[in-house]
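Everything on this sheet refers to the single structure shown next.
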Amino acid sequence: MKKKNRTAVVINYVSLMLMLVIFYAIKLLDCNKFFLILEIIPLIAIIISFNFAFNRSGFWKLVHRSQKKLDERELQIVHTAIKYSYTIFVIISLVLIFLFAVAEGKPIDVLLAACLIYLAHTLPAAVIAFSGEEI
């Protein structure tokens, strides 16, 4: 079960990156906007892998559950996962914002902002999936 969860998490994040790559490749190559329909493929992979990685595994509910409903062990696992995930998230966000400021001199696009919000919500559950902790 754990290996399936980890594989689904990897597929989820690779699909998320693929969606961004398609978006920026079309933007940089100045292609017809019709090619943006290709983003449906990684979006479907994100939805399906989200179901396996976070929903069915229970990691999503665990991370988003009220602290009052968690026992001490679960609370410690969630706290540690949130600590590590937001450290990772801040580094990724700052690097991306810096790259956009240097490369384009513009703020980040809406799609990248949406992907960062998605990452912020799923990263604690992903850390738990890779931590090896029994839930």
Side-chain angles (χ1 to χ4, degrees):
M1 183 71 160
K2 286 184 185 184
K3 188 165 176 97
K4 287 182 184 180
N5 291 339
R6 290 177 184 169
T7 304
V9 169
V10 170
I11 290 170
N12 191 269
Y13 288 144
V14 168
S15 300
L16 189 70
M17 287 187 282
L18 182 61
M19 190 168 67
L20 287 169
V21 166
I22 291 170
F23 177 79
Y24 286 110
I26 290 170
K27 186 177 177 182
L28 288 173
L29 297 174
D30 200 28
C31 294
N32 188 343
K33 301 297 182 203
F34 177 75
F35 288 109
L36 287 174
I37 200 146
L38 292 174
E39 290 190 342
I40 291 174
I41 297 166
L43 183 62
I44 291 170
I46 289 169
I47 293 168
I48 292 170
S49 62
F50 176 87
N51 189 36
F52 285 102
F54 305 115
N55 193 24
R56 286 188 182 177
S57 66
F59 294 145
W60 180 266
K61 288 181 183 178
L62 178 69
V63 172
H64 289 86
R65 191 178 304 154
S66 171
Q67 290 182 358
K68 295 175 185 174
K69 296 182 180 179
L70 297 173
D71 63 27
E72 288 182 33
R73 187 177 72 67
E74 290 172 335
L75 191 60
Q76 187 175 12
I77 291 169
V78 170
H79 174 70
T80 303
I82 289 173
K83 180 176 71 172
Y84 288 126
S85 66
Y86 284 117
T87 301
I88 295 166
F89 176 75
V90 166
I91 293 168
I92 290 170
S93 297
L94 289 175
V95 167
L96 287 172
I97 291 168
F98 179 74
L99 287 175
F100 269 78
V102 170
E104 293 187 9
K106 298 178 183 176
I108 62 174
D109 292 318
V110 172
L111 181 63
L112 182 58
C115 289
L116 286 173
I117 291 169
Y118 177 79
L119 183 67
H121 280 283
T122 59
L123 204 51
V127 168
I128 292 173
F130 279 94
S131 72
E133 293 282 341
E134 282 293 324
I135 305 298

Exercise. Looking only at non-hydrogen atoms, find the nearest pair between N12 and S49 and report the distance.
Key: ND2-OG, 3.0 Å
Quiz item: Is there a donor-acceptor contact under 3.5 Å linking the side chains of Y13 and T122?
Solution: yes
Quiz item: Which atoms form the tightest heavy-atom contact between V127 and A81, and what is the distance?
Solution: CG1-CA, 3.8 Å
Quiz item: Backbone N or O of R73 within a donor-acceptor pair of the D71 side chain at under 3.5 Å?
Solution: yes
Quiz item: What closest approach, in Å, do R65 and E74 show between heavy atoms, and which atom pair accounts for it?
Solution: NH1-OE1, 4.1 Å
Quiz item: Looking only at heavy atoms, which two atoms of I128 and L62 are closest? And how far apart?
Solution: CD1-CD2, 3.9 Å
Practice problem: Find out if a path of hydrophobic residues (ILVMFWY) with successive side-chain heavy-atom gaps under 4.5 Å connects I22 to V14. | Solution: yes
Practice problem: Taking the side chain as every heavy atom from C-beta outward, state whether P124 and V78 have any pair of such atoms under 4.5 Å apart. | Solution: no
Quiz item: Can you get from I40 to I46 by hopping between Ile, Leu, Val, Met, Phe, Trp and Tyr side chains that sit under 4.5 Å apart?
Solution: no
Quiz item: Taking only residues two or more places apart in sequence, or in another chain, which ones meet K61 in a salt bridge (charged side-chain N to carboxylate O under 4.0 Å, His left out)?
Solution: none
Practice problem: Let me see the working for N5 and R56 under side-chain contact (heavy atoms from CB on, under 4.5 Å), right down to the final yes or no. | Solution: CA-CA 9 Å; N5 291 339; R56 286 188 182 177; over 6 Å; no
Quiz item: Is the shortest heavy-atom distance from the side chain of F89 to the side chain of L119 under 4.5 Å?
Solution: yes
Exercise. Flag the pair Y24 / F100 as yes when their ring centroid distance falls below 6.0 Å, and as no otherwise.
Key: yes
Self-check item: Qualifying residues under ring pair (Phe, Tyr, Trp, His ring centres under 6.0 Å), relative to F50, sequence neighbours excluded
Solution: F54, W60
Practice problem: Take L75 and H79 through the side-chain contact (heavy atoms from CB on, under 4.5 Å) test and state the conclusion after the steps. | Solution: CA-CA 6 Å; L75 191 60; H79 174 70; 5.6 Å; no
Quiz item: Can you name the closest pair of heavy atoms from S85 and L123 and give their distance?
Solution: O-CD2, 3.2 Å
Quiz item: V10 and V21: same hydrophobic cluster, using ILVMFWY side-chain contacts below 4.5 Å?
Solution: no
Self-check item: Connected via hydrophobic side-chain network under 4.5 Å: I47 and F52
Solution: no
Quiz prompt | From CA spacing to verdict: side-chain contact (heavy atoms from CB on, under 4.5 Å), E39, L18 | solution = CA-CA 8 Å; E39 290 190 342; L18 182 61; over 6 Å; no
Quiz item: Is there a path from L99 to F23 through hydrophobic residues (I, L, V, M, F, W, Y) whose side chains come within less than 4.5 Å of each other?
Solution: no
